[in-house]
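Chain A is the first sequence line, chain B the second, and so forth, proteins listed ahead of strands; every chain is numbered from 1.
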Number of protein chains: 2
Amino acid sequence: MTTEVSNFKDLRADTIESLKPRDRILKTANALFNEYGVNTIGIDRIIAESSVSKRTFYNHFPSKNEVIAAYLESKDWLRFSELDKHVSRVKGGAKAEILAIFDFLEQWFSEDDFNGCAFARGLNDFNQEDVKVLRGKVDLYFEHWGDFIKTRLKTLVEPDEVKILFPQLLSLITGSVIVAQGLGDAKVAQLNKRIAESILAGC
Amino acid sequence: MTTEVSNFKDLRADTIESLKPRDRILKTANALFNEYGVNTIGIDRIIAESSVSKRTFYNHFPSKNEVIAAYLESKDWLRFSELDKHVSRVKGGAKAEILAIFDFLEQWFSEDDFNGCAFARGLNDFNQEDVKVLRGKVDLYFEHWGDFIKTRLKTLVEPDEVKILFPQLLSLITGSVIVAQGLGDAKVAQLNKRIAESILAGC
DNA sequence: TAAAAAGTACACAAATCTGTCTACTTTTTC
DNA sequence: GAAAAAGTAGACAGATTTGTGTACTTTTTA
C-alpha cells in the first residue's frame, strides 16, 4: 500500500511486482542510485532490474537525467515529509523541534540501506553543464533545510543570531551524515545533538 | 620548483610545461578530478590536457584506477603535510592545535579551486568491487584524521571522553566542508571553531 | 657515441552507454 | 467489444570508454 501526497509516493513498502511500470522504475532507480551513485548505474541496469522494456522506460523518462531528477525530487520530498511527521510528535516548541532533527538522523543512519546523502553526493556529481538542472535540485534540498531550521530559529533568537546558528546546525547535520557513513556509527547523531543543545542553551 | 618529501610532491606551483610526463599527468588529473570527479573524467581527457601520448600514460599508470589511487594518495599527503605545517606554528599546546584545524579549513575553503573533499566524495564513488582499493584510501584518510585529533585529545581528557569528542570534532570538520561547498561560504569554519572551543572549554 | 630507455602518434579492439526504431501483444477505456 | 493507450522484446545506431599494438623519434646513460 502506498501513501500518496502531492506528486510523490513513498514506495518503500511496496514490492516491485505490485507496482506499475513507472513506479517499478522509480523504486529500482532509487535502490541502485542509492547504493552505487547515479554515474555508475546505467539505464540498461535499471531497465533489467525493474522488468520493463526499454521503450516503456523512455516513454516515462525521456532521458537518464529525467529519472535522476525524479529520484532527487522524491528523496527530497520523502526526507522532509518524514522529518515533518517525526517533528509533529514533539512537544516543547521550536527548540525541541530543532533538537528532534538529530533523533530523526539517528533513525535514518540506522536504516539497512543507509549510504550517505544523495544531495551531498550531488554537490560533487552535478558540476557539468548538462546536469545544471540536477544541481538545482540539490540547491533546493539545502534551501529546504534552511526553511525548516530558520523558521524555528527566528522564533527563538534575533536575526543576526540566526545567521550564526543556521550554518552551525547545518554543519552538525551534514557532518553527522559524513561521519555516520565514514565511521559507520549512527550514534554520532546523539553526540551532535548534545552540541546542538548547548548552542541553543540560552534560548 | 617542487617540494619533495617521501614519495609525494606538491605540484601546485609548477607549470604544466615544466614538468616531466608523469607529473604532468598527475597535475592534470588532480585538476580534472577535483573539478568534475573521477567518474566523469576519462583517460582521454587527462591524456589530451597533459600532452602525453597514450602509451606514456599507460606506461606510468597501468590502469585508470592507478592514477586515481595516486591522486588520492597525493591529496591525503598534501592535506596533512599542510595541516602539520600550519599547526607547527601554533603556540598553546594540544587544544590550540585542534582549534587551529578550523583556521586551516577556512584557508582551504577560500582557495579558488575548492570543490569539496575528494574523500567525502570517495565515500560515495567507491562502493563497487573493482574500486575496493580506492575505498581503502578513503578509509586511510579518515584514519589520519583520527590520528591527528585523538593523539592530541588523549593529552587533554580521559579515553572515554575521547570517544565522544572525536566524532564530534570530525563532524564539525566534515560538516564545515559540506556547508562551505553547499552554501559557498568559507566563514562557516570560524563559526564551527567557536563550537569546538566550547566543547573543549573544560580542558 | 652507441645502446637502452622513454616518449610520440595514432589506429584499433572490445566493451559499454544512451537513445531510437520496428513489430507485436496486452490492458484500458469508452 | 472495438479503438486507443500502454507495454514487450530486442535489434541497432552512434558515441564514448578503457586499454593494446605498431612503428617511429627523442632523450638518457654508460
Side-chain angles (χ1 to χ4, degrees), chain A residues 9 11 14-33 35-72 125-134, chain B residues 9 11 14-33 35-72 125-134:
Chain A
K9 292 180 183 180
L11 301 170
D14 301 274
T15 60
I16 280 283
E17 297 78 20
S18 70
L19 295 171
K20 290 186 175 171
R22 187 173 195 280
D23 286 337
R24 283 212 305 279
I25 293 168
L26 282 175
K27 189 177 168 74
T28 306
N30 184 80
L32 291 171
F33 287 159
E35 187 163 2
Y36 302 109
V38 299
N39 284 321
T40 46
I41 289 298
I43 292 300
D44 283 353
R45 178 100 183 259
I46 296 171
I47 286 167
E49 296 198 15
S50 57
S51 300
V52 299
S53 73
K54 207 160 198 175
R55 253 273 141 268
T56 300
F57 176 90
Y58 277 101
N59 281 342
H60 288 295
F61 304 99
S63 72
K64 185 183 177 183
N65 279 353
E66 308 259 354
V67 78
I68 297 174
Y71 158 72
L72 293 174
D125 282 340
F126 308 137
N127 278 337
Q128 263 156 331
E129 267 309 299
D130 57 329
V131 285
K132 250 191 187 162
V133 175
L134 303 178
Chain B
K9 293 180 183 180
L11 301 170
D14 301 274
T15 60
I16 280 283
E17 296 79 19
S18 71
L19 295 170
K20 290 185 176 173
R22 189 172 194 281
D23 286 337
R24 282 212 304 278
I25 294 167
L26 282 175
K27 189 177 166 76
T28 305
N30 185 80
L32 290 171
F33 287 159
E35 186 163 1
Y36 303 109
V38 300
N39 284 322
T40 47
I41 290 298
I43 292 298
D44 283 352
R45 178 99 184 259
I46 296 171
I47 286 167
E49 296 198 14
S50 57
S51 300
V52 298
S53 72
K54 207 160 198 174
R55 257 267 145 273
T56 299
F57 176 90
Y58 277 101
N59 281 341
H60 288 294
F61 303 99
S63 73
K64 185 183 177 182
N65 279 353
E66 307 259 355
V67 79
I68 297 174
Y71 157 72
L72 293 173
D125 283 340
F126 308 137
N127 277 338
Q128 263 156 330
E129 268 309 300
D130 58 329
V131 284
K132 251 191 187 163
V133 176
L134 302 178

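- Residues that satisfy the side chain to side chain contact (heavy atoms under 4.5 Å, CB included) test with Glu66(A), not counting sequence neighbours, are Phe61(A), Pro62(A), Ser63(A).
- A salt bridge (Lys or Arg N to Asp or Glu O under 4.0 Å) check over residues 50-59 of chain A, counting only residues at least two apart or in different chains, returns the pairs Asp44(A)-Lys54(A).
- Residues passing the side chain to side chain contact (heavy atoms under 4.5 Å, CB included) test with Tyr71(B) are Asn30(B), Phe33(B), Asn34(B), Val38(B), Lys75(B), Ala118(B), sequence neighbours excluded.
- Following rounding to the nearest Å, Ile47(A) (CD1) and dT18(C) (C1') show an atom-to-atom distance of 9 Å.
- Partners of Ser50(A) according to the side chain to side chain contact (heavy atoms under 4.5 Å, CB included) rule, which considers only residues two or more places apart in sequence or in another chain, are Arg24(A), Ile25(A), Thr28(A), Ile46(A), Val52(A).
- For the segment residues 53-62 of chain B, residues with any heavy atom less than 4.0 angstrom from an atom of DNA chain C are, sorted by number, Ser53(B), Lys54(B), Arg55(B), Thr56(B), His60(B).
- Scored by the side chain to side chain contact (heavy atoms under 4.5 Å, CB included) test, Asn39(B) finds Asn39(A), Thr40(A), Asp125(B) as partners (sequence neighbours excluded).
- The main-chain N or O of Ile16(A) is never found under 3.5 Å from a side-chain atom of Lys27(A) such that the two would form a donor-acceptor pair.
- Near DNA chain D, meaning a heavy atom under 4.0 Å away, there are no residues from residues 26-33 of chain B.
- Near DNA chain C, meaning a heavy atom under 4.0 Å from it, residues 35-46 of chain B has no residue at all.
- Every residue two or more places apart in sequence or in another chain was checked for a side chain to side chain donor-acceptor pair (under 3.5 Å) with Asn65(B), and none qualifies.
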Between the protein and nucleotides 27-30 of chain C, are there any N/O to N/O pairs under 3.5 Å, and if so, what are the atom names and distances?
none

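- Under 4.0 Å is where a charged nitrogen must lie from a carboxylate oxygen, and between Asp23(B) and Lys9(B) at least one such pair does.
- Distance CG/Leu19(B) to CZ/Arg22(B): 12.0 Å, rounded to 0.5 Å.
- Separation of atoms CG (Leu32(A)) and CD1 (Ile41(A)) is listed at 4.5 Å; rounding is to 0.5 Å.
- For Arg45(B), the salt bridge (Lys or Arg N to Asp or Glu O under 4.0 Å) test picks out Glu49(B), with sequence neighbours left out.
- Bounding nucleotides for the chain B contact on DNA chain D, 5' to 3', at a heavy-atom distance below 4.0 Å, are dT18(D) to dT22(D).
- Residues Val67(A) and Ala29(A) share a closest heavy-atom pair of CG2-CB, 4.3 Å.
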